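One structure is given here, and the rest of the page talks about it.
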Amino acid sequence: MPELPEVEVVRRGLDDHVVGRTVRAVEVYHPRSTRRHLPGTSDFVAQLAGTTFEKASRRGKYLWLPLRDRGSALIAHLGMSGQLLVVPPSAPGVEHLRVRFTFADAGPELRFVDQRTFGALSISELTDRADVPERIAHIARDPVDPQFDDASFITALRSRHTGVKRALLDQSLISGVGNIYADEALWQAKMHWARPTRTLTRPVVTALLAALREVMAAALAAGGTSFDSLYVNVNGASGYFDRSLEAYGREGEPCRRCGTAIRRDPFLNRSSYTCPRCQPRPRNPHW
DNA sequence: AAGCTCTCCTGATGGC
DNA sequence: TGCCATCAGGAGAGCT
């Protein structure tokens with residue numbers, strides 16, 4: 001469940017069902033799921049045995065669970081198809097089960113299920129000065145973070161030499177934004193994805209940020225966006241924000257603002273959806 | 001050195 | 001019915 005609202009839905013589920021519990025054992029069924037843990041899978045398993053999850057944190061699309069008295073945290077990234085599910089220990093095994101956590105209290109177990117194995121789990125040190133694990137120090141604050149600095153972001157965005165959507169997807173500039181919410185915010189701000197960042201004025205970026213926050217808040221309230229059962233909360237339930245999408249995935253359907261058919265353009269090996277009338281292509285696009 | 005392309009993987013879908 | 005191409009909510013290694 002990849003973008004900020006979906007990952008926040010999962011974080012809340014972990015907060016409710018996993019925080020405060022002590023790990024009994026961890027089983028790793030696919031080595032690719034721990035590839036980001038450089039000391040290796042056996043070290044990953046050994047470090048987690050007997051540890052207690054202190055809390056559930058998130059920045060952008062990254063989740064992490066600080067480990068009590070260890071000075072480190074379990075980091076999770078869901079990639080394109082990762083799920084963290086809380087299920088009874090007796091629940092049947094499922095396809096694509098990659099990692100299983102059982103707990104000392106014999107309560108529900110935590111499963112990492114990931115069809116495409118783009119997701120990853122690792123353990124990383126927490127430093128006193130940083131408020132995120134070292135491994136994800138390069139990830140920028142997300143627009144929902146109270147400490148997100150609007151003025152700095154606006155300056156940084158305008159000084160880039162690229163198109164606005166590329167910049168929005170750069171997790172070291174602003175995190176948590178992916179293909180869906182970039183398209184939705186751009187639609188709301190009536191801005192084309194190829195608009196050169198250099199041409200953006202401060203008020204226009206301010207409006208774009210507001211659009212991002214608005215669409216993400218609405219999506220979170222709806223439990224996130226899911227088109228299929230791949231994107232679910234820790235209980236396996238889908239969100240329903242897909243019904244509220246204005247641009248993403250709506251090729252050929254009428255723009256709900258002006259009635260023009262939504263257009264799909266190839267973009268970074270996937271797609272961008274725009275209303276050709278509300279979001280006219282810039283005269284000198286930066287591809 | 002910032003910006004861009006490609007690659008990792010599995011499965012669904014649609015055209016021929 | 002195959003078989004092949006295309007597409008999918010991501011990110012980071014490795015180019016220029």
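Proteins get letters first, then strands, A, B, ... in listed order; numbering begins at 1 in each. Please read all numbers here as calculations on a predicted model, not as lab measurements.
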Test item: A/Val232 and A/Gln83 side chains (from C-beta on) under 4.5 Å apart, heavy atoms: yes

Measuring from the side chain of [X] (C-beta onward, heavy atoms only), which nucleotide among [options] has the closest atom?
X	options	result
A/Asp228	C/dG10, C/dG9, B/dG11	C/dG9
A/His96	B/dG11, C/dA11, C/dA8	B/dG11
A/Asn179	B/dT10, C/dG10, C/dC7	C/dG10

Protein-nucleic acid N or O pairs under 3.5 Å, nucleotides 14-16 of chain C:
none

Stacked cation flag A/Arg11 on A/Trp64, 6.0 angstrom / 45 deg: no

Separation of C/dA11 C1' from A/Ile139 CD1 (nearest whole Å): 8 Å

Glycosidic conformation of B/dG11, taking syn as within 90° of 0 and anti otherwise: anti

Contiguous pairing runs of three or more, Watson-Crick or G-U under 3.5 Å, that involve DNA chain C: B:2-8 with C:10-16, B:10-16 with C:2-8

N-O pairing of A/Arg58 and A/Asp142 below 4.0 Å: yes

Lys/Arg-Asp/Glu bridge criterion (N-O < 4.0 Å) met for A/Arg100, A/Glu109: yes

Distance-only donor-acceptor test, A/Arg116 side-chain atoms vs C/dA8 base atoms, 3.5 Å: yes

